[in-house]
*Asks:* 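Okay, handing you the structure first.
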Protein chains: 2
Amino acid sequence: MSQHRHPGTPGRAGAVPALPDLPEATVARLPEYLRALHNLAETGHETVSSEGLANAAGVNSAKLRKDLSHLGSYGTRGVGYDVALLIDQIESVLGLTQCRSVALVGVGNLGHALAGYDGFASRGFRIAALFDASPSRVGEEINGLVVRHVDELPRVATEESISIGVIATPASAAQAVADQLVAVGVTSILNFAPCVLSVPEGVDVRKVDLAIELQILSFHEHRKASLTALPATGGSALTALPGGLAATDNQEAIGT
Amino acid sequence: MSQHRHPGTPGRAGAVPALPDLPEATVARLPEYLRALHNLAETGHETVSSEGLANAAGVNSAKLRKDLSHLGSYGTRGVGYDVALLIDQIESVLGLTQCRSVALVGVGNLGHALAGYDGFASRGFRIAALFDASPSRVGEEINGLVVRHVDELPRVATEESISIGVIATPASAAQAVADQLVAVGVTSILNFAPCVLSVPEGVDVRKVDLAIELQILSFHEHRKASLTALPATGGSALTALPGGLAATDNQEAIGT
DNA sequence: CGCGATTTGTGCACCCCTTCACAAGCGCCT
DNA sequence: AGGCGCTTGTGAAGGGGTGCACAAATCGCG
């Protein structure tokens, strides 16, 4: 089980520009580079060095160069990278040239916030439809969109050509919703419900679990606390950092 | 720069029980195991095999065994793992035996949802205080907590002994908030703002960026679309999966 | 009491990712 | 035109994670 057998571009299929088969770790960082590049563009920068962009994105400069090299040579030695050109390239690789439509299922506490989150629209995603199973929520209008019953998903999906489904339901409902999304042709799912989803091969699932993030932090907090078994202050951890704060710029690359 | 120089437990410091120095990848999976174990416990299971728990957590059984072996031998060969015992062990390692207090800064769209999210409390985290910089939000009551001005952070932090800070502000305010959190002794930060935070060494930052998750999905969607350059249907991606849905149980372990 | 079925714990090989270090290339200044 | 400084792109080394395959250990049953 869990055979990651990505066919591997069988050689004869040369219709698309490149499809360089990027490493997953690189793909996960490209959006961060993109955000940093947009910031730079707004600040009036025309070019940026790998060092500069790496700092803005919070990574090592060598890593950044290797990442960018995977999608071609778009830098100029001695100068750096053209910001606008690089933005176009990354957006092209990520498939952001077309605006993608998102269906959000589950308009509870979290789903409500996601529906109103403007960070999606500003990055090329359009929340095309909201769904919920609870009759008390169906009909409600959020951010200019009316919440529909989840049974309408098939009809609406064909109309809006949904490309990504977001699940923000309780865990008990998540699998059923995932099945429905898959049934209408959705092959990319972002799951906020704290549970494992079973999906057919070819469907990508990414999971975001807020409680898990806190638990990982808790572990490190726990570890740090037990390492600091020496100081005399037996009470709280308010040692108040002698040196000026914000001294370094490391980002503690844990996980991700 | 970015020298990850975790001191490495200099040998003489043997006061704490174990501190097995777990691999990061393992730490990131432990919460998932814990959730699966709680489900099993509620369903009445007393023991579980590595295969069973691995399925429930969506990972390989060999990986699970290796992960658990890092925190000691708590299984019985030929039988499996004692569910209750394993729960205790994992919670102990993750430092969840004590209830940790969380300070949430930024009660906008997302922060509002986080403040009301019951998934935190059910896993041992207590949202102890809410902060915002906007006077229009200060004083509002959410889930039984009153929103305070961010300037009160120092006083409240000492009273409540905050151990984790959550930033749900706009990106423009995030760095300043992080600095304030660090100044009052917080050494673990969960950042929802789309930006890189600079923090002193010893402070852990985990970042959750919802738009980035969508962009990663977009890449895979884009790639899948270009690989499927063959079929006659020129229109949308509604090929409707011939075989019965929910056939396999792979989870497409992309990233994380 | 011994044997077989079952399951854990782990040595090992493989692969991906990270990081260093440096050659190649580009622009600018003289 | 030539040289110099700066930056990219990349080969190679090292580390960490994953998964296989198997030995060790435990239980139950005859």
Side-chain angles (χ1 to χ4, degrees), chain A residues 1-6 8 20-30 32-33 37 45-83 85-86 89 250-256, chain B residues 1-6 8 20-30 32-33 37 45-83 85-86 89 250-256:
Chain A
M1 49 201 63
S2 88
Q3 3 198 24
H4 288 251
R5 195 67 56 85
H6 281 185
D21 216 2
L22 303 176
E24 266 307 313
T26 296
V27 174
R29 282 186 294 264
L30 286 182
E32 193 75 38
Y33 302 156
L37 284 166
H45 296 73
E46 304 237 330
T47 63
V48 65
S49 70
S50 66
E51 187 76 24
L53 183 52
N55 282 350
V59 300
N60 190 302
S61 70
K63 196 189 299 189
L64 176 104
R65 287 199 298 277
K66 183 147 289 189
D67 281 342
L68 294 186
S69 77
H70 284 138
L71 37 103
S73 285
Y74 294 106
T76 308
R77 297 177 193 232
V79 177
Y81 298 92
D82 182 290
V83 173
L85 175 63
L86 205 48
Q89 281 303 321
N250 68 327
Q251 188 71 5
E252 297 284 325
I254 37 183
T256 301
Chain B
M1 46 197 62
S2 87
Q3 2 201 27
H4 290 251
R5 197 67 57 87
H6 280 186
D21 216 3
L22 302 176
E24 265 308 310
T26 296
V27 174
R29 282 187 294 263
L30 285 183
E32 194 75 38
Y33 302 155
L37 284 166
H45 295 72
E46 302 237 330
T47 64
V48 65
S49 70
S50 65
E51 187 76 24
L53 182 53
N55 282 349
V59 301
N60 190 301
S61 71
K63 196 188 299 188
L64 176 110
R65 286 198 300 274
K66 184 152 292 187
D67 282 342
L68 294 186
S69 77
H70 284 137
L71 36 104
S73 284
Y74 294 107
T76 308
R77 300 178 190 227
V79 177
Y81 297 92
D82 184 289
V83 172
L85 175 63
L86 204 47
Q89 281 304 320
N250 68 327
Q251 189 71 5
E252 298 283 324
I254 37 185
T256 301

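Owing to the predicted nature of the structure, the values given are computational and were not obtained by experimental measurement. By convention in this document, chain letters (A, B, ...) are assigned in the order of the sequence lines, proteins followed by strands, and residues within each chain are numbered from 1.
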*Asks:* For a quick test of reading the model, state the closest non-hydrogen atom pair linking B/S61 to B/A54 and the distance between them.
*Replies:* CA-CB, 3.5 Å

*Asks:* May I have the distance from A/E51 (atom CD) to C/dC20 (atom P), rounded to whole angstrom?
*Replies:* 11 Å

*Asks:* Ignoring backbone atoms, test whether B/Y74 places a side-chain nitrogen or oxygen under 4.0 Å from the OP1 or OP2 oxygen of C/dT7.
*Replies:* no

*Asks:* Do A/L30 and A/L71 come within less than 4.5 Å of each other through their side chains, counting heavy atoms only?
*Replies:* yes

*Asks:* Can you identify which nucleotide, out of C/dT10, C/dC17, D/dG9, has its nearest atom closest to the A/P23 side chain?
*Replies:* C/dC17

*Asks:* So which nucleotide from D/dT26, C/dT10, C/dT7 ends up closest to the side chain of B/S49?
*Replies:* C/dT7

*Asks:* Using a heavy-atom cut-off of under 4.0 Å over every strand shown, decide if B/T26 touches base, sugar-phosphate, or nothing.
*Replies:* nothing

*Asks:* Indicate, yes or no, whether a donor-acceptor pair under 3.5 Å links the base of C/dT7 to the side chain of B/R77.
*Replies:* no

*Asks:* Taking CG from A/L86 and P from D/dT7, how many angstroms apart are they, rounded to a whole number?
*Replies:* 16 Å

*Asks:* How close or far is atom P of C/dC17 from atom CD of B/E24, stated in whole angstroms?
*Replies:* 18 Å

*Asks:* Among D/dT18, D/dG9, C/dC17, which is the nearest nucleotide to the side chain of B/K66?
*Replies:* D/dT18

*Asks:* Are any of the side-chain heavy atoms of B/V59 and B/D67 separated by less than 4.5 Å?
*Replies:* no

*Asks:* Using only side-chain N and O atoms of A/Y81, determine if any of them is under 4.0 Å from OP1 or OP2 of C/dC26.
*Replies:* no

*Asks:* Output the rounded distance in Å from CG (A/L53) to P (D/dG9).
*Replies:* 12 Å

*Asks:* Without swapping roles, check the side chain of B/T76 against the backbone of B/V79 for a donor-acceptor pair under 3.5 Å.
*Replies:* no

*Asks:* Taking atom C1' of C/dT8 as reference, at what distance in whole Å does atom CG of B/D82 sit?
*Replies:* 15 Å

*Asks:* Can you see if the side chain of B/K63 gets near the phosphate of D/dG19 - specifically, an N or O under 4.0 Å from OP1 or OP2?
*Replies:* yes

*Asks:* Given atom CG of B/L22 and atom C1' of D/dG17, what is their separation to the nearest angstrom?
*Replies:* 14 Å

*Asks:* Rounded to whole Å, how long is the line connecting atom CG of A/N60 with atom C1' of D/dG14?
*Replies:* 15 Å

*Asks:* Give a yes/no answer on whether the side chain of A/R29 brings an N or O atom under 4.0 Å of OP1 or OP2 in C/dT18.
*Replies:* yes

*Asks:* What are the two closest heavy atoms between B/Y74 and B/Y81, and how far apart are they?
*Replies:* O-CD2, 3.7 Å

*Asks:* Check the phosphate of C/dT8 against B/S50, side-chain N and O only, distance under 4.0 Å to OP1 or OP2. Yes or no?
*Replies:* yes

*Asks:* D/dT26 P sits how many Å from B/R65 CZ, rounded?
*Replies:* 16 Å

